[in-house]
Protein chains: 2
Amino acid sequence: MDIERSISALNNPMRRRILEWLKDRSNFPPALPGHEDIEGVCVAYIQEKAKLSQSTISNYMGLLKQAGFVRAERHGQWTFYRRDEENIQEFLTAVQAELLKK
Amino acid sequence: MDIERSISALNNPMRRRILEWLKDRSNFPPALPGHEDIEGVCVAYIQEKAKLSQSTISNYMGLLKQAGFVRAERHGQWTFYRRDEENIQEFLTAVQAELLKK
DNA sequence: TCCATATATCGAGGTATCTCGATATTCTTC
DNA sequence: GAAGAATATCGAGATACCTCGATATATGGA
C-alpha cells in the first residue's frame, strides 16, 4: 500500500470519476456477448464515456491499478477493470490514520 | 470544501508531514515569550524542522490553508498556523463518500 | 498465415508543480 | 521614521504531469 502513489492517482478529476463509474456496471454499455459473467469493464467502454484518447485511458487505468484502486483481468483481447474494494478501504483507513489527530 | 484543492495539497510528502507535526505542539520549540497561550506554530519553526526555504514553507502553508487543513492567525509579526480539525474531518468524510461504494 | 480489433507503450508538446533566491510587505523597537 | 525581523509574494529554472497521435504487442477469426 503506497499512499504516495494512491494520492497521486486520485489527484486527477477524471481518474476519480472513472473510479465512481466503476461502482456500478450499469454506467456502461451491456457486457460483450459471451462475457456476461465477467466482472469489470473493458477499456473501450471507459474511453467512450470519458471522451479521452485510448492511450490516455489505458495510462489512467494503469495508474489506478498501480495505486491499488482497481484490478485488471485479461480475457482474450480485452482487459476488464474493476474496483478493488478491499484496497480502497485500506487506503481510506491509512489516510484517515495519517490525517486524523487521535 | 474544495476536494480538488485538498487532494492537491495532500499530494506532497512534506505538506503531509507538516500536517502531522502540527498534531502536537511539542514537535516544535517552546512558544515565544509572551505567546504561550496562542495556539499554533510560527512559520520559522516549521521551516527549521522541514529544512526547506522560507518562501517554500510560506507557500506550502498558504496551500494548506486554501485547502482548509490549517488556519492562520496573525499576532504581531508572526503568523501562527494550526490544524483545522473540523475541516480535516469534513474532507475525510467527503473523500470517503466519493470513494466508498455504498 | 494474414488481417482486424483491443490494449499497451513510446515520444513529444503544453501545462502545472516544486523549490529557490530576491524582493516586497508588515510589524516592532529604538 | 529608520532599522531589523517575520512573513508573503514574485520570477525563474528544473522537474513532473497531462494528453495526444503513432507505433508496438497480443489475441481471434478467415
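Excluded from the calculations below are hydrogen atoms, water molecules and symmetry mates; all remaining heavy atoms, backbone and side chain alike, are included. Quantities reported herein were computed from a predicted structural model and do not represent experimental measurements.
- Contacts of L52(B) with the nucleic acid, taken as non-hydrogen atoms under 4.0 Å apart, involve only primed sugar atoms and P, OP1 or OP2.
- A donor atom on one side chain and an acceptor atom on the other are not found under 3.5 Å apart for S58(A) and S55(A).
- Not a single donor-acceptor pair, N or O on each side, falls under 3.5 Å between the base of dG21(C) and the side chain of S53(B).
- Between dC20(D) and T56(A), a contact under 4.0 Å exists linking OP1 or OP2 to a side-chain N or O.
- To the nearest angstrom, P of dA5(D) lies 15 Å from CD of Q47(B).
- If you check dC18(C), dA8(C), dT7(D) against the side chain of S58(A), the one that comes closest is dA8(C).
- Judged by distance alone, with hydrogens and angles left aside, Q77(B) brings no side-chain donor or acceptor close enough to the base of dT28(C) to form a pair under 3.5 Å.
- Along DNA chain C, the nucleotide closest to N11(A) and the one closest to F80(A) are compared, and the more 5′ of them pairs with F80(A).
- If you find the closest nucleotide of DNA chain D to S55(A) and to R74(A), the one lying nearer the 5' end belongs to S55(A).
- Among the heavy atoms of the strands lying under 4.0 Å from N59(B) is at least one base atom, whether or not backbone atoms are also near.
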Inset, instruction - Determine, step by step, whether L22(B) and L64(B) satisfy the side chain to side chain contact (heavy atoms under 4.5 Å, CB included) criterion, reporting the C-alpha distance in whole Å, the side-chain angles of both residues, the deciding distance to 0.1 Å, and the verdict. - result: CA-CA 12 Å; L22(B) 288 176; L64(B) 288 172; 5.8 Å; no
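- If you check every strand for non-hydrogen atoms under 4.0 Å, T79(B) touches sugar and phosphate atoms only.
- Distance, H35(B) NE2 to dA5(D) C1': 13 Å, rounded to whole Å.
- At least one side-chain nitrogen or oxygen of N12(B) sits closer than 4.0 Å to the OP1 or OP2 atom of dC18(C).
- Across the interface with DNA chain D, nearest-nucleotide mapping of S8(A) and K51(A) shows S8(A) to be the residue nearer the 5′ end.
- Taking 4.5 Å as the limit, every side-chain heavy atom of L63(A) sits out of range of all side-chain heavy atoms of F69(A).
- With salt bridges taken as basic N to acidic carboxylate O contacts below 4.0 Å, one links R16(B) and E4(A).
- With respect to the salt-bridge test (charged N to carboxylate O, under 4.0 angstrom), the residues E39(B) and R25(B) do not qualify.
- Across the protein-nucleic acid pair, R15(B) atom CZ and dT17(C) atom P stand 9 Å apart, rounded to whole Å.
- For the pair H75(B) NE2 and dT7(D) P, the computed distance is 12 Å after rounding to whole Å.
- dA8(C) atom P lies 11 Å from atom CD1 of I57(A), rounded to whole Å.
- To the nearest angstrom, P of dT7(C) lies 14 Å from NZ of K65(A).
- A straight line from CD of E73(A) to C1' of dA8(C) spans 18 Å, rounded to a whole angstrom.
- With dC18(C), dT9(C), dA6(D) as the choices, the nucleotide that has an atom nearest any side-chain atom of W78(B) turns out to be dA6(D).
- Residue-to-nucleotide contacts include a donor-acceptor pair under 3.5 Å from the side chain of Q54(B) to the base of dA8(D).
- For the atom pair S6(A) OG and L92(A) CG, the distance stands at 10.0 Å (nearest 0.5 Å).
- Residue Y81(A) is in sugar-phosphate contact alone, with no base atom involved, counting any heavy-atom pair closer than 4.0 Å across all strands shown.
- Following rounding to the nearest Å, L32(B) (CG) and dA5(D) (P) show an atom-to-atom distance of 14 Å.
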